[in-house]
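Input: a single structure, listed below in structure tokens.
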Amino acid sequence: EAEVAQSPRYKITEKSQAVAFWCDPISGHATLYWYRQILGQGPELLVQFQDESVVDDSQLPKDRFSAERLKGVDSTLKIQPAELGDSAMYLCASSYGGTEYNEQFFGPGTRLTVL
Amino acid sequence: ILNVEQSPQSLHVQEGDSTNFTCSFPSSNFYALHWYRWETAKSPEALFVMTLNGDEKKKGRISATLNTKEGYSYLYIKGSQPEDSATYLCATDLDGGSQGNLIFGKGTKLSVKP
């Protein structure tokens, strides 16, 4: 069964360092999402791609976060410099885009701890 | 600001108990309601997508109902098993289509004791 892949699964870093997360969506899925889930909260959308284009990055802290999906397939989310408040689970999801109800398929996430 | 509320925040039941929890969402501009199950160290797994008022969906021992007029959905688990232990997330899709964003609740964490 096709799955969304994410790496690394866990990342520990010190504040002010740079970190990067990778996501490989299900083959053929044009839409890719990055969510952040802070402990005790629900996942919140950071950025949404349609193919290689950003559709929505209104909640992305652009002073330190960047995301790219250069060839419209896999994607990288970067944080530089990391801050203590960035400790969270970072989830990637993808959707086919051709379904009526926007069913999103999630990867296992990257848990980031900033010390 | 769109709020999706889930209750209770956490739930502890014994194996064999039946349980239910609630998702409340803004009823205006409703398009779809999604339920996900998220087990520790795994990917969130889609359970149901519900769109019509009065919808009832069932998957094994898990079922869900939807009331779009009053803005709530119930998730029921009959005869809970330890493997049902997970966080159950609901999310609304207010835009619809391929560019709709999901607004998630905080989840209900279910623990089932053998």
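Heavy atoms only: backbone and side chains are in, while hydrogens, waters and symmetry mates are out. So you know, we letter chains A, B, ... as the sequences are listed, proteins then strands, and number each from 1.
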Note to self: Using the rule that Ile, Leu, Val, Met, Phe, Trp and Tyr join whenever any side-chain heavy atoms are under 4.5 Å apart, tell me whether B/L11 and B/L75 fall into a single cluster.
What the structure shows: yes

Item checked: Chi angles and distances behind the side-chain contact (heavy atoms from CB on, under 4.5 Å) call for B/Y36, A/F106 -> CA-CA 10 Å; B/Y36 286 87; A/F106 284 84; 3.7 Å; yes

Notebook entry, point to check: To the nearest 0.5 Å, what is the distance between CG (A/L91) and CZ (B/F104)?
Noted result: 8.0 Å

Check: Are more than 12 heavy atoms from other residues, nucleotides or ligands located less than 6.0 Å from atom NZ of B/K69?
Finding: no

Margin query: With rounding to the nearest 0.5 angstrom, report the NZ to CD1 distance, B/K106 to A/I38.
Written below: 11.0 Å

Notebook entry, point to check: Is atom CD of A/E68 surrounded by more than 12 heavy atoms (other residues, nucleotides or ligands) closer than 6.0 Å?
Noted result: yes

Checklist line | Same apolar cluster (I L V M F W Y, side chains within < 4.5 Å links), A/F105/B/F48 | finding: no

Note to self: Between A/R9 and chain B, with a heavy-atom cut-off of 4.5 Å, which part of the residue counts as in contact: side chain, backbone, both or neither?
What the structure shows: side chain

Margin query: Taking CD in B/Q9 as the centre, count heavy atoms belonging to other residues, nucleotides or ligands within less than 6.0 Å. Is the count above 12?
Written below: no

Next item on the list: Show the numbers, then the answer: is there a side-chain contact (heavy atoms from CB on, under 4.5 Å) between B/L102 and A/Y35?
Entry: CA-CA 10 Å; B/L102 296 184; A/Y35 289 88; 3.8 Å; yes

Next item on the list: Can you tell which part of A/Q37 gets under 4.5 Å to a heavy atom of chain B, answering side chain, backbone, both or neither?
Entry: side chain

Notebook entry, point to check: What closest approach, in Å, do A/G107 and B/S43 show between heavy atoms, and which atom pair accounts for it?
Noted result: C-OG, 3.1 Å

Checklist line | Heavy-atom neighbours of A/L39 CG exceed 12 at 6.0 Å | finding: no

Next item on the list: Looking only at non-hydrogen atoms, find the nearest pair between B/A46 and A/E103 and report the distance.
Entry: CB-OE2, 3.9 Å

Margin query: Is it the case that over 12 heavy atoms from other parts of the model lie below 6.0 angstrom from the CD atom of A/E14?
Written below: no

Notebook entry, point to check: Is it the side chain or the backbone of B/A91 that comes within 4.5 Å of chain A heavy atoms, both, or neither?
Noted result: neither

